[in-house]
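In the text below, chain A, chain B and the rest are named by the order of the sequence lines, each starting its count at 1. Since the model is a prediction, treat every value here as computed from it, not as a measurement.
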Amino acid sequence: MTRVAALVGPTAVGKSSVALDLAEALGAEIVSIDSMQVYRGMDVGTDKATPEMRARIPHHLLDLRDPAHDLTVAEFQHEARAAIEDIAERGRVPLLVGGSGLYFRAVVDDLAFPPRSAEVRASLEERVEIEGAEALHAELVGLDPTAAAKIEPGNARRIVRALEVIEITGRPFSDNDAWDRYESRYDLRVAGLELPRELLYERIEERVVAMLERGLVEEARAVAATGMGTTARQALGYKQVLDAVDPDDTETLADEIVRATKRFARRQLSWFRADPRVRWFDASDPGLSQALKAHFSGDGAVP
RNA sequence: GGCGAGGUAGCUCAGUUGGCAGAGCACGCGACUGAAAAUCGCGGUGUCGACAGUUCGAUUCUGUCCCUCGCCA
């Protein structure tokens with residue numbers, strides 16, 4: 001089995017800089033597990049690795065698409081696995097670094113993503129409009145009770161997807177039981193980075209201010225001018241810039257981005273906390289670097 | 001100093017013809033199957049400015065005081 005190391009955690013804990021040091025120590029190359037850094041031109045807002053960092057350690061899965069063209073989880077899964085194989089074949093260690101929970105599991109676990117159908121989806125979405133999400137949820141209860149039990153009746157997005165898959169594949173949406181198993185297809189070792197909440201929030205605030213200073217507003221407008229798909233369009237920071245009522249009111253803008261980012265960080269944490277494979281490390285610990293190296297190069301005496 | 005408006009959750013405010021105080025946001029927790037930086041679910045917020053009076057019962061009515069804002073001087 002291919003040996004894979006992973007570093008996960010919420011935004012702004014300091015994954016990227018730790019990753020560089022770690023990659024050097026492990027003889028690793030970095031595979032970004034980030035749903036937004038795959039878009040070209042979205043650099044300051046996604047805090048993408050700089051050219052200097054990339055020169056130091058090769059980074060994969062960055063700048064895969066123009067923002068106008070959405071990249072799906074399934075495509076990401078495919079590309080990331082290819083990168084992992086490539087790195088391993090060259091005798092180096094793939095180091096996965098990022099905070100996109102679904103993308104992480106898509107790459108590392110045997111999750112299958114049934115195809116999509118624009119027509120089926122469109123008709124389902126129309127029905128949500130007229131009948132309401134609850135009605136479709138009721139229908140899902142009849143078709144796939146297991147899936148229905150796990151999806152809230154108000155969550156139109158997930159209900160639509162479940163019904164779409166059932167219609168396309170003719171099988172229950174809940175068939176994909178790999179979901180609950182947390183069994184990686186690789187010889188995987190995961191480290192999670194965390195910080196006391198207050199500190200994490202402070203760092204988020206500082207980071208947003210820094211992004212604004214580095215020209216987030218200009219970047220967002222430039223990218224928007226060349227076109228943004230639905231996915232890129234909702235990226236934190238970009239969305240707030242583009243939706244701003246008063247573009248000159250930087251204070252309100254910064255405030256909104258900070259709030260959204262904190263909310264996001266919480267959701268990231270709740271995602272990774274649920275993964276039993278993650279071994280947590282305090283990012284403010286002076287001995288962090290040492291501890292991580294020990295964790296990844298040790299011979300498997302992991303919890 | 002006079003007149004007016006107001007003081008209720010961390011914030012913005014709603015409300016109670018007198019009967020256990022409620023929304024949004026924030027915050028905490030959770031779910032997560034081709035948009036996931038998405039989408040959705042659950043949860044607690046409290047001397048209702050202070051003191052006195054009326055009342056079985058006052059955040060609500062009355063009085064005094066304090067504070068904030070606006071206008072006038």
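- The gap from the C1' atom of B/G22 to that of B/G15 amounts to 8 Å, rounded to the nearest Å.
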Dot-bracket, RNA chain B: Watson-Crick or G-U, under 3.5 angstrom, [ ] crossing, | other strand? (((((((..((((.....[..)))).(((((.......))))).....(((((..]....)))))))))))).
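- The interatomic distance linking A/Ile204 (CD1) with B/C27 (C1') rounds to 14 Å, in whole Å.
- Within the 4.0 angstrom heavy-atom criterion, base atoms lie near A/Glu125.
- Using a cutoff of 4.0 Å between basic side-chain nitrogens and carboxylate oxygens, A/Glu219 and A/Arg214 are not scored as salt-bridged.
- A/Asp63 places none of its side-chain heavy atoms less than 4.5 Å from the side chain of A/Gln37.
- Residues A/Ser32 and A/Asp34 have side chains that never bring a donor and an acceptor to within less than 3.5 angstrom of each other.
- Between the CE atom of A/Met228 and the P atom of B/A37 there is a distance of 14 Å, given to the nearest Å.
- Separating the CZ atom of A/Phe264 from the C1' atom of B/C27 is a distance of 19 Å, rounded to the nearest angstrom.
- Separation of the P atoms belonging to B/U8 and B/G49 is 6 Å when rounded to the nearest angstrom.
- Across all strands, A/Gly229 comes closer than 4.0 Å to no nucleic acid atom at all (heavy-atom distances).
- B/C13 sits 14 Å from B/G70 when the P atoms are compared, rounded to a whole Å.
- A salt bridge links A/Asp243 to A/Arg233: at least one charged side-chain nitrogen sits closer than 4.0 Å to a carboxylate oxygen.
- Using a 4.5 Å cut-off on side-chain heavy atoms (C-beta onward), A/Val190 and A/Phe104 make contact.
- For the residue pair A/Asp144 / A/Ser174, a side-chain donor-acceptor distance below 3.5 Å is found, with atom types taken as modelled.
- A donor atom on one side chain and an acceptor atom on the other are not found under 3.5 Å apart for A/Glu126 and A/Ser123.
- In the model, A/Thr11 has a side-chain atom that pairs as donor or acceptor with a side-chain atom of A/Arg207 under 3.5 Å.
- Comparing B/A38 with B/U33, their P atoms are spaced 15 Å from each other, to the whole Å.
- Residues from residues 232-245 of chain A lying near RNA chain B, meaning a heavy-atom separation below 4.0 Å, are A/Gln234, A/Ala235, A/Leu236 in numerical order.
- If you check every strand for non-hydrogen atoms under 4.0 Å, A/Thr46 touches a base.
- With no hydrogens or angles considered, no side-chain donor-acceptor pair links A/Thr146 and A/Lys150 at under 3.5 Å.
- Side-chain N or O atoms of A/Arg3 include none that pairs as donor or acceptor with a backbone N or O of A/Leu188 at under 3.5 Å.
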Any chance you could list the contact pattern along nucleotides 28-34 of chain B? Use B for base contacts, S for sugar-phosphate-only contacts and - for none, protein heavy atoms under 4.0 Å, 5' to 3'. SSBBBBB
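- For the pair A/Ile159 CD1 and B/A38 C1', the interatomic distance rounds to 15 Å; values are reported in whole Å.
- Nucleotides B/C69 and B/U12, compared at atom C1', are 16 Å apart to the nearest Å.
- Taking the charged nitrogens against the carboxylate oxygens, A/Asp110 and A/Arg105 have no contact shorter than 4.0 Å, which rules out a salt bridge.
- Taking the C1' atoms as reference points, B/C71 lies 32 Å from B/A52, given to the whole Å.
- A salt bridge is defined here as a Lys NZ or Arg NE, NH1 or NH2 lying under 4.0 Å from an Asp or Glu carboxylate O, and A/Arg161 with A/Glu164 meets this definition.
- OP1 and OP2 of B/A38 both lie 4.0 Å or more from every side-chain N or O belonging to A/Thr230.
- Separating the OH atom of A/Tyr103 from the P atom of B/U39 is a distance of 14 Å, rounded to the nearest angstrom.
- Look at the P atom in both B/C72 and B/U60: the space between them is 33 Å, to the nearest Å.
- Taking atom P on both B/A31 and B/G24, the two are 23 Å apart, rounded to the nearest angstrom.
- At a threshold of 4.0 angstrom between heavy atoms, the contacts of A/Ser35 include nucleobase atoms, whether or not backbone atoms are also involved.
- Under a 4.0 Å N-O distance rule, the pair A/Glu139/A/Arg127 qualifies as a salt bridge.
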